[in-house]
Amino acid sequence: MFFRCEADAILGGGRRNGKSNVRAGAGAKHSAKAGHVSAYARVTHVVHADAMASRGARHPRALQGDAALSATVDYLFKGLFASSLLKKHVSESISAAVKEELRQFLSNAFAGSFPDIRIGRDLLQDSTFLGFEEVLLAGIEEQGLGGSDALVQAVRSLLPAFEEDERIKALLSEIDDAAGHSVMDSNREDAEEDGDEDRVQFATTSFASNGSDDRFEVDADEVVTDSLVPLILLEAQIVEVNECWQGFLDCYAKPEHAGEAIFAAILDAAPSLQTFFRGGTALLAGKFVAGYSQMVHNLRNPDGLMGVVEHLGFQHLDVDINIPRIAIFREAMCDAVSAELGEKLTDLGAYGLRRLVSYAGGALIYIRENYSKRLKIISNSWKLANAAAKQEEAAQAGDLEDSLSAPLETKAVEEEDDDEEEQEGELAIAGKSAAASASAPSKKGFFASLCGTRRQVGTKMLADKLDRKQKLQENLQAVPRTFDQMFRFNMAVMNVQTQEWMYEVLDCFDSIVHSIAQSQRLQVECDVVTLRIAKASGDVKFKNFRAVMLSSLRALSPKDWSPDHEVAWNWLWETVERLLSKELKKPRARERILGRFLGSLEDELRQEIREKVFDRFFELAPGGEEHFKQSSTRLNFIADKAIELTLELYKEPIKTVDAISALGLRHVGYGITTDFFDPFVEGWTQVFQELTGDDDLADAFRWSFSLVAKLLMRTIEQGATLVMKAINTDNAKQVRRALSYAPRAKRAMWVLDVTVGTQSVSPLYMSIDTGNLEAAKVMLQDLVTIRADRSRYYYCLDDLFKWHSDIVWKLTVDAPELLTTMLDGMIWRSRVVVNGNRRVNYYLKHLLVDEHGKFSNAMSCIVKLQDPEIAIHPILVQLGDLVWNDLVYWRFLRGKLSLVCTATIFMVSQSMLQYLDSAGSFEERVATFVCRLIVYLFYMVSLIYYRTKHVYQAVKRGEFFEISGIRVPRKWTEDWQEAVSLALTLALVVMFFLEPILSCLQHTEGLGIFTQRCPQANDTREPYEILSMIAIMLIFTLAADTATVSTRLSSWLLVAGHVLPDLGLALLACGFLVLTFGSSVAASLGNPEDFQGIASCLMAFLELAINMFPASHLEQLEESFILLAAASCFRVLVVFLLMNVLIAQLTCCYKQLSVSMVGHARLRRMHKVCEAMEGIPSATFQRFIENLRLDDPVEFGEGDVGPAGGIQVLEPGNLHPTNVDTIRRMGGNPKNPFPPEDEDLTEAERCQRLFKMYQKAVKKITSQGHSSDDQPPAPKAITSRTTFGMTPEEAKDGGD
């Protein structure tokens, strides 16, 4: 929870009253000594110690007579009801009796004349009220009271038994002090010093359960605009407000609809307020419901409620809010709630809803009147101080959009160009001054290395102008241009550059400045800075940072600096200094205490902590069990990590904060709400306190663990954008609705990046990783949709690949079904056909070139996916043909032609020359030797080289595949061509060693040189011929890959290859039948000659199967009836059954494959393209890219220039008919979001929408008829009691 002791400095700059501090300290000391602190005492202590003061702040009006007595009784009873000391004696059943006894007690104490009194937070000190509780508890124990009415009897016996007790005297004395005069003798010194006592808004009323008619003593319509203090309501009021508000929301299908109903009521009451609601009604309605719901949920947490209101106030600084408008808003809202709830809206609920609106409205006015100017000064001067850095980043990135969004930077550049000569002289002087002040001997100055190099701006027309530009550039490098550079420079000038802690604050100063309008976030940033300062050496003197900061800001904006700037930045640093000073010296001591404990933590105690923390957390927040459904071991792991984070945050704050931010972004994807973090921290703290009993250890752990929780909550709140929330629902409509609120120029960033601190997460990737593919599909469609307005085209494809260069790989691995969605969006087709052709734009730049200018891996990812339907997508076909025809075709053809030539030479040497008429001649022998020498010397050596290279790469990369314990390179198992090449290599190597020509070199007597017919080669000739046959088959198998040049031929070969397994199964079945019948027939004796023995039988049945059995031997079958029957049965099974089954299988398989055979052929070609691109020189590829001119805009039509990154082709108009323009052209202001797009509605949704339209029409007609018939007088714009002193009903009656 955000502390409040410094909130006055953040929001008001006022001093807290000294008496409040004394009271808070006394109360805390007393409660610690007693060992028990009531819930009321804790609330009162927070209020006394932390509430903000403002001179002249209005107190609640004084109550008189019975109203004052009733309010005081109610005040005391509320505290007793929340007391932990009297918890078992308090119940709602005795509330009326206790209040009656308290009334009697006070009436008797003041002799029946109760004074006028103001009910505020300063009525009683917490120590005084704690003493009152102790008196009652002592009365119960001493008198032995029991039963449900023990407390009633104790209150009844106060005056008789404890009339002289100092604690009762103190109670009555402080009540008398609040009344303004004394009945009992007491010291009034404190009352005289309490002129500026802080005030807290209390709503004092009786519980609805007692059925009394007590009125609300604090006006619900009172709008306090001169101070901002906490709002505290009674528990009964809080319960009623929550129930009424939730009941109102339940009346509508969506919360946004409830907000729309409220806004409709507001605009009906005051149509002039329409101008204040900028943006879509749905967006405003959703924001209003979310904001008001957050306030309602924080009613039990005054600190949190005030933080929410503060945040809203800083968001509405530019809105002219006044009390009459708040009254209109409040009345319209209450009317809308009352119309829906009817009798269900109780008095307490209506009072609380009105009170909350009045409180929030007064806070908005207060913040706007007191801090808008100061915050604007800080924001504008900070932007100006860092304008140069942003300008340099925009120039380096080449992002025109970012440059246009920074008017200050643009203006600075224009002034630089206009006043070039004047600035040159000024910068030259400044550069010399900076160089003289700096200690570095570099010619460019002390900050040359920090500023970096800037791109020179100028022309090359004249040599003197170029020299002048270069001189100006050097001076620019010498002068600090940003706050960071100027701050470091001034540190060196002021001789404080050795103070390390200042660098830690400087690193976080940008976050501090941006958090100054958010008190809770500012506290978190300062706590992190405190941890970083604790790691720095040297004394901390905050005045040094103030001096350097102010001097740096003055130097960066000398023309705009004014006394108001001085006041604003001094206020900022005073606030930060106060927050830092509070915890400055504590982190080191806490780290030692916590580190010593965790270092000696025993396993038994660790396990006990693991078990108890989650049990305690589930007691405090039962709903948390829905988020912790893991096993006990997993919960133990989470508990250990939580303990480690608390210590790591002290040791390495920078690294740990980044880790916590990353963890918080992951929790955004889990849909975790921040409501569970406070009870989680409270549960851990309680367990540590109970098990250790060490207050210092518990404080060290609590502070660190609560900071971890705050960082997580900050990350989740900042990361839980509309898109992130919609992702968790995985609903397409919710995602579209969330994206409809995005600014046009930043629509892509809502989908691609959510950054918190130094960590970022992609909503698109998170939806894919979490399986919310419906949401991911909507976001992907939105990114690749071309939109346009009158100023420009919006096509987010470049942003998609800029932030996610691996998007193709991501989709192929995790979401292949979304790949078609992205590819469809990369094609634009014109709906207009000219001369039989239509324009088609293929935006394939990012599929072709990666961010480094090299060939993209997108095609290889598609190949690995092995989806033929994806492969025939038009843009992939266009991409593949483009690269194939321009870069790969001729290189591939040259490689395959060399293989075909080698195969031809090998075939000639092995299968043709030896059968010529000149076989054995000298010419034949020489030709055979030369052909085989070419095969061995060139082809075999190249095969050995590449196989060795593959082994080396596999060893280097560790890419092995284990087969029966043998590790082989994975490439040999994944690519069939590599496996065939390996077999061919082994065959050629063995053939080389068995080569007959080599065996006969020394035995050529009478045979001639290079002969292979010598007797010495007879032993190796047969294995050589077998290997030669195998090698020829393998080399022609490799040569068959040349069919890739033709898609049709390649597809046929692929289909043939896919049906080979079915053929193999048929042959296996045929072999099984041959073995079965052959072995069975061989078992009988007396068979004919062809069927004697198992070998003869197997051969005979094999010949029968393939129709090769000699016809002359068929007569032998007639000699044995059994043999004839077996042969006939075999033929029926093989010919009629097996062969027909094979034909049917091949037919079905071909039908299935023929549909996708072109896709398989495309995949094969893309695979060849990817292999070939590895060997293409980068210079050749760059020339190819330059010729495509992908950076030039592509036209959509004549004179209609669209985005760059694609190529345009003409295709026949009937190839892909379309009559719808896929570009979504929209009007309106380019600064506003795109209008909501039409959604595909179901029949039920259309009927529901039509019914709502009917209801609105009937209501409108009815209201118009009533207005025309009755013509009642128009009501006047009555706002609130605070404004005119009467309610709208009283005003109407008075007007009559």
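Each residue takes its place number in the sequence, starting with 1.
With sequence neighbours excluded, the residues forming a side-chain hydrogen bond (donor to acceptor under 3.5 Å, both in side chains) with D658 are T758, listed by chain and number. K641 is linked by a side-chain contact (heavy atoms from CB on, under 4.5 Å) to F637, E644, counting only residues two or more places apart in sequence or in another chain. For Q866, there are no side-chain hydrogen bond (donor to acceptor under 3.5 Å, both in side chains) partners at least two apart in sequence or on another chain. Looking at residues two or more places apart in sequence or on another chain, you find a side-chain contact (heavy atoms from CB on, under 4.5 Å) between V613 and I609, W684, V687. Take V657 and apply the side-chain contact (heavy atoms from CB on, under 4.5 Å) test, not counting sequence neighbours, and it matches V528, L649, S661, L711. In this structure W245 satisfies the ring-ring contact (aromatic ring centres under 6.0 Å, His included) test together with F248, Y292, sequence neighbours excluded. Partners of E500 by side-chain hydrogen bond (donor to acceptor under 3.5 Å, both in side chains), not counting sequence neighbours, listed by chain and number: S537. Residues passing the side-chain hydrogen bond (donor to acceptor under 3.5 Å, both in side chains) test with E602, sequence neighbours excluded: none. By the side-chain contact (heavy atoms from CB on, under 4.5 Å) test, R702 pairs with T685, D699, S706, sequence neighbours left out.
Looking at every heavy atom in both residues, T812 comes nearest to L865 through O-CD1, 3.6 Å. In plain terms, the two heavy atoms of D799 and L752 that are nearest each other are O-CD1, 3.4 Å. Closest approach of L580 to C526, counting heavy atoms only: CD2-O, 3.3 Å. Closest heavy-atom contact between I727 and A775: CA-CB, 4.3 Å. Taking every heavy atom of both residues into account, P763 and V754 meet most closely at CG-CG2, 3.6 Å. A pairwise comparison of heavy atoms in V751 and S762 identifies O-OG, 4.0 Å as the closest pair.
A heavy-atom distance below 4.5 Å is not found between the side chains of L231 and M306. Taking 4.5 Å as the limit, every side-chain heavy atom of F705 sits out of range of all side-chain heavy atoms of I643.
Pairs of residues two or more places apart, or lying in two chains, that qualify as salt bridge (charged side-chain N to carboxylate O under 4.0 Å, His left out) and include a residue from residues 289-302 are E235-R300. The stretch residues 756-775 participates, sequence neighbours left out, in these ring-ring contact (aromatic ring centres under 6.0 Å, His included) pairs: Y765-H804. Applying the salt bridge (charged side-chain N to carboxylate O under 4.0 Å, His left out) rule to pairs touching residues 687-697 yields R616-E690, sequence neighbours excluded.
Judged by distance alone, the side chain of S704 and the main-chain N or O of A700 form no donor-acceptor pair under 3.5 Å. Under the 3.5 Å distance criterion, the side-chain polar atoms of K535 are matched with a main-chain donor or acceptor of Y650. With S293 contributing its side chain and A290 its backbone, the two residues share no donor-acceptor pair below 3.5 Å. Here the side chain of D753 pairs no donor or acceptor atom with the backbone of M749 at under 3.5 angstrom.
Around the CD atom of E869, the shell of radius 6.0 Å holds no more than 12 heavy atoms that belong to other residues, nucleotides or ligands. Summarising the local packing, NZ of K725 is surrounded by 12 or fewer heavy atoms from other residues, nucleotides or ligands at distances under 6.0 Å.
Aromatic ring centroids of F801 and H846 lie under 6.0 Å apart. If you look at F680 and F618, their ring centroids are not closer than 6.0 Å.
Using a 4.0 Å cut-off between charged side-chain N and carboxylate O, R970 and E959 make no salt bridge. A salt bridge between E717 and K710 is absent, with no side-chain N of the basic residue lying under 4.0 Å from a carboxylate O of the acidic one. With respect to the salt-bridge test (charged N to carboxylate O, under 4.0 angstrom), the residues K810 and D769 qualify. Ion pairing of D782 with R736 is absent here, as no side-chain N (NZ or NE/NH1/NH2) approaches a carboxylate O to less than 4.0 Å.
Once rounded to the nearest 0.5 Å, the distance linking CD of E652 with CG of L647 reads 10.0 Å. Note that CG of L783 and OG1 of T821 are 11.5 Å apart. Values are rounded to the nearest 0.5 Å. One finds the OG1 atom of T646 at 5.5 Å from the CG atom of L598 (value rounded to the nearest 0.5 Å).
No hydrogens or angles considered: a donor-acceptor pair under 3.5 Å links the side chains of R610 and Q607. For the 3.5 Å distance criterion, the side chains of D250 and Q246 qualify, holding a donor opposite an acceptor.
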